[in-house]
4 protein chains.
Amino acid sequence: MARISKNPEVRKAEIMDASLELFANKGFEDTAVSDIVKKIGVAQGTFYYYFKTKEEIMIALIDRFMVEHEEYIKTIDEDLHMSPAEKVNAILFVKPFHQKVSDFLHHENNAWIHQKFLVKKINEMTPYLSRILAEGTKEGYFKVEHAQETAEFLLTAVNFMLDPGIFELKDSKLEEKKNVVKNIVNNLVIKD
Amino acid sequence: MARISKNPEVRKAEIMDASLELFANKGFEDTAVSDIVKKIGVAQGTFYYYFKTKEEIMIALIDRFMVEHEEYIKTIDEDLHMSPAEKVNAILFVKPFHQKVSDFLHHENNAWIHQKFLVKKINEMTPYLSRILAEGTKEGYFKVEHAQETAEFLLTAVNFMLDPGIFELKDSKLEEKKNVVKNIVNNLVIKD
Amino acid sequence: MARISKNPEVRKAEIMDASLELFANKGFEDTAVSDIVKKIGVAQGTFYYYFKTKEEIMIALIDRFMVEHEEYIKTIDEDLHMSPAEKVNAILFVKPFHQKVSDFLHHENNAWIHQKFLVKKINEMTPYLSRILAEGTKEGYFKVEHAQETAEFLLTAVNFMLDPGIFELKDSKLEEKKNVVKNIVNNLVIKD
Amino acid sequence: MARISKNPEVRKAEIMDASLELFANKGFEDTAVSDIVKKIGVAQGTFYYYFKTKEEIMIALIDRFMVEHEEYIKTIDEDLHMSPAEKVNAILFVKPFHQKVSDFLHHENNAWIHQKFLVKKINEMTPYLSRILAEGTKEGYFKVEHAQETAEFLLTAVNFMLDPGIFELKDSKLEEKKNVVKNIVNNLVIKD
DNA sequence: GATGAATGAGGCTTCATTCAT
DNA sequence: GATGAATGAAGCCTCATTCAT
């Protein structure tokens with residue numbers, strides 16, 4: 001087969017993208033390395049030139065998500081035009097990224113990855129939310145006592161509960177549920 | 001080898017017990033059917049005489065847990081000596097069953113089973129908690145508006161958050177966290 | 001494919017025989033497990049039902065040779081009609097077993113197996129030869145001082161030297177060499 | 001990466017040295033070409049610029065040993081201050097070269113190389129020893145009849161027998177064995 | 001002289017499941 | 001009810017070697 005050399009960064013991204021799509025369709029375990037390379041027309045060895053094991057690419061994928069995610073959270077955190085309450089809502093109800101990533105994580109066979117991912121995400125968001133709650137309380141916007149724990153509590157509940165994969169919700173039901181949850185959160189957090 | 005016939009129920013339980021122990025030690029995927037039968041000194045075919053597939057035994061195991069669990073919840077629900085608030089606490093902070101079951105569910109490789117299990121558990125407990133909250137509110141003990149959603153919210157947060165496997169907590173830390181969570185719950189639920 | 005069950009002993013021997021032949025032709029490393037099973041028309045899994053790894057079958061093969069070999073040595077040792085000198089010669093110049101085994105060991109790629117095998121063989125024969133030399137000396141047939149070491153010395157020299165694989169000798173040359181060596185041995189051992 | 005040109009001889013030696021060390025540690029087969037180039041910080045292609053195949057470098061290594069070895073034997077042979085008997089001993093009990101070379105040859109996975117090497121060595125030393133024995137006999141120092149065969153016989157026995165890798169001897173045991181062997185050799189060779 | 005991305009054949013092994021006895 | 005020999009698909013990974021730059 002014709003040998004086409006590419007810039008390593010490009011090739012690596014190409015492999016990651018193909019993997020992501022396949023993992024989203026068939027799940028991690030059910031995707032063979034041979035599927036991945038076939039999809040982009042390179043030799044099997046090429047995959048292993050870039051990733052030592054099949055597991056490694058999954059970690060790389062997750063890391064890429066996390067970076068994007070953290071950047072987004074920072075944007076919110078530093079946004080000068082949002083009120084504390086808006087920030088709280090924005091952080092709790094972040095929209096998922098690309099569809100592919102979402103599919104990947106929600107594939108039944110990727111549950112363990114999904115779970116680890118949620119935990120990572122929650123752990124990462126906790127300090128931001130915690131600080132917003134604490135400062136907001138100091139400034140009289142909120143009525144939160146244990147900011148750290150409350151942040152974790154809310155993030156855990158919301159993230160697991162509103163995850164369409166975990167509780168297998170349809171979009172309509174999900175939106176409904178979201179609203180009710182927003183109410184609960186407000187009660188718990190906002191000063192009246 | 002000598003052919004030892006046993007009462008089918010006994011044999012079945014024997015296989016399930018062996019499986020549970022192995023799943024707890026090595027995880028579901030990493031336990032081979034051959035491991036199971038070797039453990040109890042029975043032929044490979046015998047396993048398939050009692051269970052159509054390997055997956056089936058896992059489902060049987062989960063079902064067995066669920067039954068035990070539901071019985072326990074009912075006990076609480078019908079307990080005449082507990083106040084509504086006590087019932088809420090009892091339901092939210094159920095202690096885990098046997099160690100083996102707990103190990104099984106918390107084994108890294110069993111994450112997806114664990115997750116499904118938690119969801120099932122939450123779904124099962126929701127109506128009980130929901131009713132308790134609704135009735136308690138009617139009777140002036142609580143201040144809960146959306147009983148159904150609040151129940152689900154609390155159960156989700158508490159179960160995922162306090163799960164020692166998911167967030168990898170040490171026992172000491174866990175106890176601490178539990179107390180703070182109790183506070184939050186009280187604030188959200190109890191009328192002052 | 002039709003499923004033919006056989007007595008385990010038979011099947012195992014069948015696999016070993018096929019392996020031996022292939023190892024002799026292509027060497028151990030260059031023989032794939034798939035070659036072996038193809039040769040006898042069973043599934044790949046069948047091989048692994050009898051041998052945990054590819055290496056294991058080689059060990060089994062060697063063991064089988066060793067058993068045959070030791071039996072032969074014992075026969076000589078206990079032979080009442082042979083003189084000590086005859087026994088010495090018989091032990092030093094044992095004829096190789098079956099051609100297959102010989103080919104197996106002499107295949108270029110099996111050198112390390114061959115070497116280990118020779119060492120095992122020498123170690124095994126040493127006590128027999130040593131005793132024959134010692135007793136023969138006591139009875140005045142031989143003139144050997146350090147029976148143990150001499151035995152080892154002779155066995156090492158003869159086995160490596162007359163090995164057609166190691167020194168790559170043609171049959172004619174080998175026979176010639178053998179005779180000269182016999183002379184040397186006699187000088188070293190026999191009393192005049 | 002910066003492209004560093006070096007004198008070809010230097011580069012080649014560098015590659016050989018790195019290979020030798022790796023072969024000594026992990027054996028020939030278990031050392032990948034990629035390991036070698038990584039060790040000296042050079043591209044994979046560079047290796048193939050200097051050596052056509054991986055096997056070729058091993059041959060180059062062996063040749064280098066052999067040259068060193070032959071030079072040493074010549075030194076002994078032409079030494080005017082040594083008696084014939086001393087020369088015989090010196091040739092039979094040559095000390096090994098550098099530790100690395102010794103490790104390389106004794107690595108379990110290099111058995112076949114080792115064996116070929118010993119044979120080469122023996123074949124190379126035979127004419128020297130043979131001549132020394134023949135001349136010594138003519139001059140009345142020795143009592144050797146078949147000089148050529150005796151030389152080969154002794155070299156074979158001694159080299160294989162005293163090889164610490166083949167018979168897996170500890171240093172203490174080895175020294176002991178060596179002395180007994182010297183006795184045997186003297187008996188066989190020296191006139192009394 | 002040197003680079004390093006790309007190749008691709010091929011091997012060992014695992015294991016859930018079946019089926020003839 | 002029970003046995004256990006047999007199946008066979010499928011997958012991950014290694015690595016010597018090549019070649020376009």
Side-chain angles (χ1 to χ4, degrees), chain A residues 1-8 10-12 29-37 41-55, chain B residues 1-8 11-12 29-37 41-56, chain C residues 1-8 10-12 29-37 41-55, chain D residues 1-8 11-12 29-37 41-56:
Chain A
M1 195 171 276
R3 179 186 290 237
I4 299 167
S5 267
K6 291 197 181 173
N7 177 304
V10 174
R11 202 18 75 83
K12 194 166 187 174
E29 329 260 5
D30 288 353
T31 299
V33 172
S34 64
D35 295 333
I36 298 170
V37 298
V42 289
Q44 189 118 339
T46 303
F47 178 94
Y48 285 93
Y49 183 74
Y50 289 96
F51 301 95
K52 245 198 283 303
T53 68
K54 187 185 160 192
E55 190 140 273
Chain B
M1 192 171 277
R3 188 180 287 237
I4 300 169
S5 283
K6 289 198 181 174
N7 178 308
R11 196 27 63 91
K12 197 164 187 176
E29 327 260 5
D30 288 354
T31 299
V33 172
S34 65
D35 294 332
I36 299 170
V37 299
V42 135
Q44 193 106 337
T46 304
F47 179 94
Y48 285 90
Y49 185 78
Y50 288 97
F51 300 93
K52 239 200 284 304
T53 69
K54 187 184 161 192
E55 192 140 85
E56 204 178 280
Chain C
M1 195 171 276
R3 180 186 289 236
I4 299 166
S5 268
K6 291 196 181 176
N7 177 305
V10 173
R11 203 16 76 83
K12 194 166 188 175
E29 328 260 5
D30 289 354
T31 298
V33 172
S34 64
D35 295 333
I36 298 169
V37 297
V42 290
Q44 190 116 338
T46 303
F47 179 94
Y48 285 91
Y49 184 74
Y50 288 97
F51 300 94
K52 245 197 283 302
T53 68
K54 186 185 162 194
E55 191 140 272
Chain D
M1 190 172 277
R3 185 182 286 238
I4 300 170
S5 283
K6 288 198 183 175
N7 178 307
R11 193 34 57 94
K12 196 164 185 175
E29 328 261 5
D30 287 355
T31 299
V33 172
S34 66
D35 294 333
I36 298 169
V37 298
V42 135
Q44 194 107 335
T46 305
F47 179 95
Y48 284 90
Y49 185 78
Y50 288 97
F51 299 95
K52 239 201 286 303
T53 70
K54 187 185 162 192
E55 192 141 83
E56 204 179 279

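To find a chain, count down the sequence lines: A is the first, B the second, and so on, and within it residues start at 1. Computation of the quantities below employed the complete heavy-atom set of this structure, encompassing side-chain atoms and omitting hydrogens, waters and symmetry-equivalent molecules.
- The 5' end of DNA chain F is approached more closely, in terms of each residue's nearest nucleotide, by B/Y49 than by the other of B/Y49 and C/Y50.
- When every heavy atom of C/Y48 is checked against every heavy atom of C/V33, the shortest pair comes out as OH-CG2, 3.5 Å.
- Geometrically, B/K12 engages B/F51 in a cation-pi contact, judged by NZ or CZ lying under 6.0 Å from the ring centre and within 45° of the ring axis.
- One interatomic measurement links the two molecules: CZ of C/R11 to P of E/dA20, which rounds to 15 Å at whole-angstrom precision.
- Checked against side-chain hydrogen bond (donor to acceptor under 3.5 Å, both in side chains), D/E56 has no partners two or more places apart in sequence or in another chain.
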Report summary line: With sugar-phosphate taken as primed atoms, P, OP1 and OP2 and all else as base, the protein-contact string of nucleotides 13-19 of chain E at under 4.0 Å (heavy atoms; B, S, -) is BBBSBBS

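- A straight line from CG of A/N7 to C1' of E/dT3 spans 15 Å, rounded to a whole angstrom.
- In this entry the distance linking NZ of D/K12 with P of E/dA2 reads 13 Å, nearest Å.
- The distance between atom CD1 of D/I36 and atom P of E/dG4, rounded to the nearest whole Å, is 17 Å.
- Side-chain contact between C/T31 and C/I36: present, with at least one pair of heavy atoms (C-beta onward) separated by less than 4.5 Å.
- Heavy atoms only, all atoms of each residue included: A/E29 and A/K54 are closest at O-NZ, 3.6 Å.
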Query raised in the report: For DNA chain E, what is the dot-bracket line, given that a base pair needs Watson-Crick (N1 to N3, plus N6-O4 or O6-N4) or G-U wobble (N1-O2 and O6-N3) geometry with both distances under 3.5 Å, and | means paired with another strand?
Result: .||||||||||||||||||||

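- Rounding to whole angstrom units, CZ of residue C/F51 and C1' of F/dA6 are separated by 15 Å.
- Nearest heavy atoms, C/I4 versus C/R11: O-NH1, 3.5 Å.
- In this structure, NZ in A/K52 is found 12.0 Å from CZ in A/F47, a value given to the nearest 0.5 Å.
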